[in-house]
2 protein chains.
Amino acid sequence: MTEPAPFSIGAFSRASGLTVKALRHYHERGLLVPARVDRQTGYRAYSQANLDTAAMIRAMRELEVPLDEIAVILAECREDQDLLVYLKRHKAHLATKLEHYQGLVGRIDQVINYEQEVQRVMQEHHGTREIAEREVEPVLVAGLRMKSRYSDCGSGFAQIAKRLGRHIAGKAMCLYYDGEYREDDADFEPCFPIRKGGQAEGLDIRTLPGCRCVTLVHPGPYDTLKYSYAKVLAYANDKGYEIDLPTREVYLKGPGMIFKGNPKKYLTEIQLPIKA
Amino acid sequence: MTEPAPFSIGAFSRASGLTVKALRHYHERGLLVPARVDRQTGYRAYSQANLDTAAMIRAMRELEVPLDEIAVILAECREDQDLLVYLKRHKAHLATKLEHYQGLVGRIDQVINYEQEVQRVMQEHHGTREIAEREVEPVLVAGLRMKSRYSDCGSGFAQIAKRLGRHIAGKAMCLYYDGEYREDDADFEPCFPIRKGGQAEGLDIRTLPGCRCVTLVHPGPYDTLKYSYAKVLAYANDKGYEIDLPTREVYLKGPGMIFKGNPKKYLTEIQLPIKA
DNA sequence: CTAAGCCCTGCCCTTACAGGAGAGTCAAGC
DNA sequence: GCTTGACTCTCCTGTAAGGGCAGGGCTTAG
């Protein structure tokens, strides 16, 4: 250490692994001030001691510690032990980010899975536009019964999804407890099939019984559902079936999670349980 | 939809959950252009249709999709299905970030653990400045034997740490195979205690045998180690012990992982194995 | 003498808005 | 008609940590 062994900024850049730009930036911020600066030319000259500081800054930057905090640490710490408290704080910060991204990946996965499911179901039901009778399997659902207007249905789905988003295992459905159409005080229950039983305040989690149903897939917007209902009710009447409440609608394809989509492409399955 | 039911920007902000600032920004970027803009006043008027787009943008922004990509999606997609490819791409991007932060948390954890260990060891050895004889336990190490200058030791540690960083389980040590001091072609082996056996190309992973040693903790910089060596060798000579190679140095406290620290505070344990 | 390689400062660019200044607009109350 | 308060407009600046480039100065080798 007899001579300061001055580095030019380029040489120091190679020695420290920091870019020239970064070095100038750190100089400006006061984090890493060169040992000497030529008054005439403005040329920076870095010393061996600068190299230690540079290594420290690099190590901290690799952990994404912000420059402001590095400045504080440089001002207050000489030893690694002094900065344990800063490191712990920063770790907590990183952990927060980590959780944040875990959450995002989880949510985007949900969306992707949901949309893939929609795609699958649409393929499956392609061309099935006939009235049919079939056995509907029992299914575990979480429902939220409402006496309200039909249009509030959407907010019901939103509430369920918010609380059980992670456990949703199928297409949204709605149960109708009125035997007839009502505008303002309809009695219905939006629900989602879920993966496993549990508790959720305000939600009714139970298994819908399986049953034999008259079914019809209705294509298009919801305001034309009544025509499909007319068809399927006429069919049931013809056959002399009595209908069990609640009736069900399954939204094979409705508004997406991101796009509302084109209502002409909506697919809704009407299920009328046949009284045994 | 007889009337566009125009929202003022404030009302639209409340309806959509986007800030006024954000709405103006989206307008400027062309993502969400209000249904009408008053020529005179510049007042924006938003429509019901705008609300759908706003919901879509909000959903995408919550997944941290960048605005540029949202613009592309808005230009090309009408249905959720169309954007599966974008979502998957974005998910990959998020997953990358996730891994990145996992790596950071892992590394900062290493640093914290290491420094806590240093702190513990320093407390333990506080005031122990006497020559002692004791049994040294066997220990599993990864070493990198070098014939070089002593000062290259550091790069040896760096190489080992880079490859086995995750498995390091104790303080850095160095084995010396020369019975005497050599400047340029010294024969020595930096090593780290590690957690479990394994393979690493170029590294010698093995268990150092336990042995009875004459030990002395040397405080201060490495260039004064020779005085401590003189003391401990004189002691061994007095007792008539013969010394087994390699001798060992354990760096209880040396330069930290972040700060170089003050050499006056360094603690180095010299271990001379006694030939049985 | 000139060309190459360094170095300097200063300006603009990146993301997705937030904050604020200064000015114009709107509806209601007096 | 005037005022008041709530709203709205545009424009500017700031964020983190530099990257990229322009225009110009320095030094040294051929």
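Keep in mind the model is a prediction, meaning the values are calculated, not measured. In what follows, every chain begins at residue 1, and chains take the letters A, B, ... in the order their sequences are listed.
Taking the side chain of Ser8(A) as heavy atoms from C-beta on, and the options dC26(C), dC8(C), dC7(C), the nearest nucleotide is dC7(C). Comparing dG24(C), dA17(D), dT10(D) against the side chain of Leu67(A) picks out dA17(D) as the nearest. Of the candidate nucleotides dA17(D), dC7(D), dC6(C), dC6(C) has the atom lying nearest to any side-chain atom of Tyr43(A).
Terminal axes of the helix from dC1(C)-dG30(D) to dC30(C)-dG1(D) (five pairs each, C1' rotation axis) are separated by 50°, to the nearest 10°.
In this structure, Ile57(B) atom CD1 and dA16(C) atom P are separated by 12 Å, rounded to whole Å. Taking atom CZ of residue Arg39(B) and atom C1' of nucleotide dT10(D), one finds them 17 Å apart after rounding to whole Å. At whole-Å resolution of the value, CZ in Phe12(A) and P in dC8(C) are 13 Å apart. Rounded to whole Å, the distance from CZ on Arg58(B) to C1' on dA16(C) is 16 Å. The nearest whole Å value for the distance from the CZ atom in Phe7(B) to the P atom in dC7(D) is 16 Å. Taking atom CD on Gln40(B) and atom P on dC26(C), their separation rounds to 9 Å, with Å as the unit. Between Arg36(A) atom CZ and dC7(C) atom C1' the separation is 16 Å, expressed in whole Å. With rounding to whole Å, Asp38(B) atom CG is found 16 Å from dG24(C) atom P.
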Exercise for review: Please step through ring-ring contact (aromatic ring centres under 6.0 Å, His included) for the pair Phe7(A) and Phe12(A), ending with a clear verdict.
Suggested key: CA-CA 5 Å; Phe7(A) 297 93; Phe12(A) 192 75; 5.7 Å; yes

**Study point:** Verdict with reasoning, Tyr222(A) to Tyr251(A), per ring-ring contact (aromatic ring centres under 6.0 Å, His included)
**Key:** CA-CA 10 Å; Tyr222(A) 299 135; Tyr251(A) 304 102; 5.8 Å; yes

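In the displayed structure, Arg149(A) atom CZ is contacted under 6.0 Å by at most 12 heavy atoms of other residues, nucleotides or ligands. In this structure, Arg14(A) places its CZ atom where only 12 or fewer heavy-atom neighbours from other residues, nucleotides or ligands lie under 6.0 Å away. Around the NE2 atom of His27(B), the shell of radius 6.0 Å holds more than 12 heavy atoms that belong to other residues, nucleotides or ligands.
Atoms CD1 and SG, on Ile160(A) and Cys191(A) in that order, are 6.5 Å from each other to the nearest 0.5 Å.
Taking 4.0 Å as the cut-off between side-chain N and carboxylate O, Lys147(B) and Asp185(B) do not count as a salt-bridged pair. With respect to Glu62(B) and Arg58(B), a salt bridge is recorded, a charged nitrogen being found less than 4.0 Å from a carboxylate O. With salt bridges taken as basic N to acidic carboxylate O contacts below 4.0 Å, one links Asp68(B) and Arg29(B).
Non-hydrogen atoms lying under 4.0 Å from DNA chain C are contributed by Lys21(A), Arg24(A), all within residues 14-32 of chain A. Heavy-atom distances under 4.0 Å link DNA chain C to no residue of residues 99-107 of chain A.
With hydrogens and angles left out, the side-chain atoms of His100(A) and Glu64(B) include a donor and acceptor closer than 3.5 Å.
Judged by the 6.0 Å distance and 45° axis criteria, Lys171(B) is positioned over the aromatic ring of Tyr114(B).
When atom types are taken as modelled, the side chain of Arg36(B) and the backbone of Pro6(B) share no donor-acceptor pair closer than 3.5 angstrom.
In this structure, Arg61(B) does not reach the dT15(C) phosphate: none of its side-chain N or O atoms is under 4.0 Å from OP1 or OP2.
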